Amino acid sequence: MSDYTVRAARAADIRGIRDLLEPYVQRRILLGKDLVVLYEAVQQFVVAEDASGTLIGCGALHVMWEDLGEVRTLIVADEWLHRGVGRKIVGALEKNAKALGLSRLFCLTFEVEFFTRRGFTTIGEQVVDPDVYSQLIRSPDEGIAEFLDLAHVKPNTLGNTRMLKRL
C-alpha cells in the first residue's frame, strides 16, 4: 500500500501546485506560470498527495491536436523522489490521454532517463505533417512553440530533450 494517492486536481490545489512549481522556476528548470493560468488549466492537472493531504507532486496533460497531447509541469517534491510518484502521475496522465482519444504524448524534459523508462523516445524536428504544422503554428501557446521547435522559444528549451510516446 502506498502512502500517497494520485487524483484529479481541484481549484483548491492550485496554490499548492504553484508552491511545488516555484523552486523549479527559481532554478530555471521550468517556466513560471501566473496563478490565473494555473486556475484556467486546473482540469489538465493531476496531483499526488500524502496521507495528510499535502501535495507532493503534480503533472498536467495539455491537448495539442486531435491525436497529440503534452505532459507538462511534472513535479515531484524532492523528499518523494524515487518512490514511484512521478511514474504514477505519468500513468494517470496517459490514462486521461487515452480517454480523450489521443495516440501520442510529447514532453520537453531534462529527465530523459525517466521518460525513456516510461516508453518515450527522443524525436527530431518533423513530427507532424505540413497541414497540421500550419495549424499548430497559429497557437499562442508556448508549449506548442516548444513542440514545433520554433526559434523564438530556443532560450526556454536549451538543454531540454524533445520526446514522444505512442500510446
Side-chain angles (χ1 to χ4, degrees), residues 1-10 13 16-25 27-33 38 41-51 54-128 132 136 139 141-149 153 156-167:
M1 184 171 129
S2 64
D3 41 358
Y4 63 89
T5 56
V6 174
R7 60 168 174 78
R10 300 185 282 260
D13 297 319
I17 290 170
R18 185 208 42 207
D19 293 345
L20 284 169
L21 178 60
E22 193 56 31
Y24 294 92
V25 172
R27 295 184 344 229
R28 297 182 181 270
I29 295 171
L30 294 173
L31 294 176
K33 291 182 172 52
L38 291 172
V42 66
Q43 72 278 7
Q44 297 179 12
F45 277 90
V46 297
V47 295
E49 63 182 358
D50 68 12
T54 301
L55 293 190
I56 60 167
C58 65
L61 171 65
H62 181 79
V63 175
M64 298 170 78
W65 198 247
E66 65 185 332
D67 65 335
L68 179 66
E70 180 184 7
V71 173
R72 292 185 172 179
T73 320
L74 180 62
I75 305 166
V76 175
D78 288 342
E79 62 273 16
W80 284 86
L81 290 173
H82 310 292
R83 294 173 67 181
V85 178
R87 178 176 39 82
K88 281 194 177 176
I89 290 171
V90 171
L93 296 174
E94 286 183 9
K95 181 179 176 187
N96 293 349
K98 288 175 184 174
L100 289 169
L102 304 180
S103 59
R104 299 182 298 162
L105 278 181
F106 166 76
C107 70
L108 181 70
T109 186
F110 290 110
E111 302 297 333
V112 175
E113 289 182 28
F114 171 84
F115 280 99
T116 298
R117 289 192 305 270
R118 311 276 87 70
F120 286 75
T121 56
T122 301
I123 58 171
E125 292 181 20
Q126 290 291 53
V127 292
V128 294
V132 173
L136 289 176
S139 174
D141 186 272
E142 289 295 299
I144 301 249
E146 291 167 351
F147 171 73
L148 297 175
D149 206 23
V153 295
N156 298 343
T157 63
L158 289 177
N160 279 286
T161 299
R162 298 164 71 242
M163 301 184 80
L164 193 70
K165 177 178 183 174
R166 295 201 178 278
L167 299 175

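Just so it is clear, the model here is predicted, and its values are computed rather than measured.
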Quiz item: Quick check: are there more than 12 heavy atoms from other residues, nucleotides or ligands sitting under 6.0 Å from CZ of R27?
Solution: yes
Self-check item: Other residues, nucleotides, ligands: >12 heavy atoms within 6.0 Å of R28 CZ
Solution: no
Quiz item: Are R83 and D50 within salt-bridge range, i.e. N to O under 4.0 Å?
Solution: no
Give every donor-acceptor pair under 3.5 Å between a side-chain atom in residues 91-111 and any protein atom, sequence neighbours left out.
residue, atom, partner, partner atom, Å
E94, OE1, K165, NZ, 3.1
E94, OE2, K165, NZ, 2.8
R104, NE, D67, OD2, 3.3
R104, NH1, V127, O, 2.9
R104, NH2, D67, OD2, 3.3
T109, OG1, E111, N, 2.7

Minimum heavy-atom separation for [X] to [Y], with atom names?
X   : Y   : answer
R18 : L38 : CB-CD1, 3.8 Å
V6  : A48 : CG2-CB, 4.0 Å
C58 : I17 : SG-CG2, 4.0 Å
V47 : A8  : CG2-O, 4.5 Å
A9  : V42 : CB-O, 3.9 Å
W65 : V63 : O-CG1, 3.6 Å

Spacing of [X] atom [atom1] and [Y] atom [atom2] [to the nearest 0.5 Å]:
X    : Y    : atom1 : atom2 : answer
L31  : Y24  : CG    : OH    : 15.0 Å
T121 : F115 : OG1   : CZ    : 12.5 Å
F147 : E70  : CZ    : CD    : 9.0 Å
L55  : D13  : CG    : CG    : 5.0 Å
L74  : L20  : CG    : CG    : 11.0 Å
T116 : M163 : OG1   : CE    : 3.5 Å

Exercise. Is it possible for you to check whether R117 lies under 6.0 Å from the centre of the six-membered ring of F114, through NZ or CZ, and within 45° of that ring's axis?
Key: no
Exercise. State, with a plain yes or no, whether a side-chain heavy atom of T73 is found less than 4.5 Å away from one of Q44.
Key: no
Quiz item: With Y4, which residues qualify under ring-ring contact (aromatic ring centres under 6.0 Å, His included), at least two apart?
Solution: W80
